[in-house]
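To start, the structure itself, in structure tokens.
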Amino acid sequence: MDSPFPGFGTVINVATVLLGASLGMLVGHRLPERTRSVVTDCLGLVTLLMAALSAYQVTAPSLEDTVGDGAPVLIVLGSLLIGSIAGSLLQIERRLEGLAGVLQRRMRHDGGGHAERERFIEGWMTASLLFCVGPLTILGTLSDGLGRGIDQLVLKSVLDGFAALAFASTFGIGVLMSALSVAVIQGSLTVLGVLLGSVLPDAHIAALTATGGLLLVGIGLRLLRIREIPVGDMLPAIVVAPLLTALVAAFR
């Protein structure tokens, strides 16, 4: 599917998130708590499925050919360790929570006190990470920027729209604000695709995608209320992954 201009795929994606979240907020209060809890559980399970598909990129032939048979898993492990240590020292998750609180206050979303603020933060962070971390985000935006079509982003937009509807029925307006995260992150990647051409080789994208898949596992575990993994602190890992891949390939 051709795009009339670079970034059109992201525009569609933002629109579907806004539409889905708005519909979810409209009907969410009519659903009993048990139903909303089941919806969240379903999203958690689907997130784990998406995580598995992304993490499977650790076996990508392009990555194995570039760094060797045994190195991909070590690269993902190293990326997570280095990225998580850096993220925890920078207190990224705490800063994201603070930013979410500022956004909430500026929108004058009142009522519920601390519990409502936590609900807003959880909705914004969870939806933003789910919508912005994954193979369709990276490959789709780069394809858009390179003028190769927006098929992947259209598919992602449909998935994100339904997910936003389900999320917003549980988490409310925080999910609506995740459209801003989609616009900034995907828009930035599209610009990189336009300015720099092929930003990353296939092997580097595979390492990044596999690492992002494990971050999605963390999101799934949070949604299922199994463990509160500080996924925000792990975000630098998706930057470390392609850098570590390049380092290993250089010394191979």
Side-chain angles (χ1 to χ4, degrees), residues 1 3-25 43 46-47 50-51 53-54 92-93 95-97 99-100 102-104 106-107 109 119-146 148-194 199 205 208-209 211-213 215-216 218-220 222-223 231-232 234-236 238-239:
M1 183 181 296
S3 172
F5 59 86
F8 184 64
T10 295
V11 172
I12 295 175
N13 204 166
V14 170
T16 58
V17 170
L18 290 173
L19 177 62
S22 298
L23 290 175
M25 291 168 60
L43 287 171
V46 173
T47 300
M50 295 175 62
L53 294 174
S54 297
I92 291 178
E93 179 138 327
R95 295 177 190 276
L96 287 174
E97 290 178 354
L99 175 59
V102 170
L103 289 173
Q104 180 196 24
R106 289 192 176 184
M107 294 187 68
H109 182 60
R119 180 168 168 262
F120 176 91
I121 291 170
E122 187 72 13
W124 178 59
M125 288 185 61
T126 300
S128 295
L129 289 169
L130 179 61
F131 298 156
C132 298
V133 176
L136 287 179
T137 299
I138 304 299
L139 299 178
T141 50
L142 292 181
S143 178
D144 188 4
L146 292 169
R148 298 177 180 174
I150 58 172
D151 303 67
Q152 293 168 322
L153 283 184
V154 170
L155 172 61
K156 178 179 181 295
S157 298
V158 174
L159 296 173
D160 288 355
F162 282 107
L165 190 155
F167 269 120
S169 68
T170 300
F171 294 114
I173 199 170
V175 179
L176 190 70
M177 288 303 301
S178 69
L180 177 61
S181 303
V182 172
V184 171
I185 294 175
Q186 292 189 183
S188 299
L189 288 172
T190 302
V191 170
L192 284 176
V194 172
V199 179
I205 293 177
L208 185 154
T209 301
T211 304
L215 298 188
L216 286 177
I219 295 174
R222 290 177 67 154
L223 289 173
V231 180
M234 297 180 179
L235 285 176
I238 63 176
V239 177

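These values consider heavy atoms only, across backbone and side chains, with no hydrogens, waters or symmetry-generated copies. Positions are given from 1, in the same order as the sequence printed here.
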Task: Residue pairs involving residues 157-180 (criterion salt bridge (charged side-chain N to carboxylate O under 4.0 Å, His left out); sequence neighbours excluded) - done: K156-D160
Open item on the list: Applying side chain to side chain contact (heavy atoms under 4.5 Å, CB included) to I173 and F120, what does each step give before you reach the verdict?
Closed with: CA-CA 7 Å; I173 199 170; F120 176 91; 3.3 Å; yes
TODO: For T10, enumerate each residue passing the side chain to side chain donor-acceptor pair (under 3.5 Å) test, keeping only those at least two apart in sequence or located in another chain.
DONE: Q186
Open item on the list: Applying salt bridge (charged side-chain N to carboxylate O under 4.0 Å, His left out) as the test, list every pair that has at least one member in residues 174-193; sequence neighbours left out.
Closed with: none
- [ ] Calculate, to the nearest 0.5 Å, the distance between atoms OG1 and CD1 belonging to T211 and I238 respectively.
- [x] 9.0 Å
Open item on the list: For L159, give me all partners under side-chain contact (heavy atoms from CB on, under 4.5 Å), at least two apart in sequence or on another chain.
Closed with: L136, L155
TODO: Could you tell me which residues satisfy side-chain contact (heavy atoms from CB on, under 4.5 Å) with V184, sequence neighbours excluded, listed by chain and number?
DONE: L180, S188
TODO: Nearest 0.5 Å please: distance from the CZ atom of F8 over to the OG1 atom of T190.
DONE: 13.0 Å
Task: P6 backbone acceptor or donor facing D144 side chain under 3.5 Å - done: no
Open item on the list: Can you tell me how far apart CD1 (I185) and OG (S128) are? Round to the nearest 0.5 Å.
Closed with: 7.0 Å
Open item on the list: Looking at every heavy atom in both G232 and P236, which two are closest together, and how far apart are they?
Closed with: O-CD, 4.3 Å
Open item on the list: Nearest 0.5 Å, please: how far is CG in L215 from SG in C132?
Closed with: 12.5 Å
- [ ] Measure the spacing between CZ of F167 and CG of L176 and express it to the nearest 0.5 Å.
- [x] 14.5 Å
Task: Heavy-atom pair of closest approach, residues F131 and V182 - done: CB-CG2, 3.7 Å
- [ ] Can you measure from OG1 (T141) to CD (Q152) and round to the nearest 0.5 angstrom?
- [x] 9.0 Å
Show me, pair by pair, the donor-acceptor contacts under 3.5 angstrom made by side chains of residues 16-25, not counting sequence neighbours?
unit_1 : atom_1 : unit_2 : atom_2 : d
T16    : OG1    : I12    : O      : 3.4
T16    : OG1    : N13    : O      : 2.8
T16    : OG1    : S157   : O      : 3.0
S22    : OG     : L18    : O      : 2.7

Open item on the list: To check you understand the geometry: which heavy-atom pair defines the closest contact between W124 and S178, and what is its length?
Closed with: CD1-N, 3.6 Å
Open item on the list: Quick check: closest heavy atoms across A51 and L216, and the distance to 0.1 Å?
Closed with: CB-CB, 3.5 Å
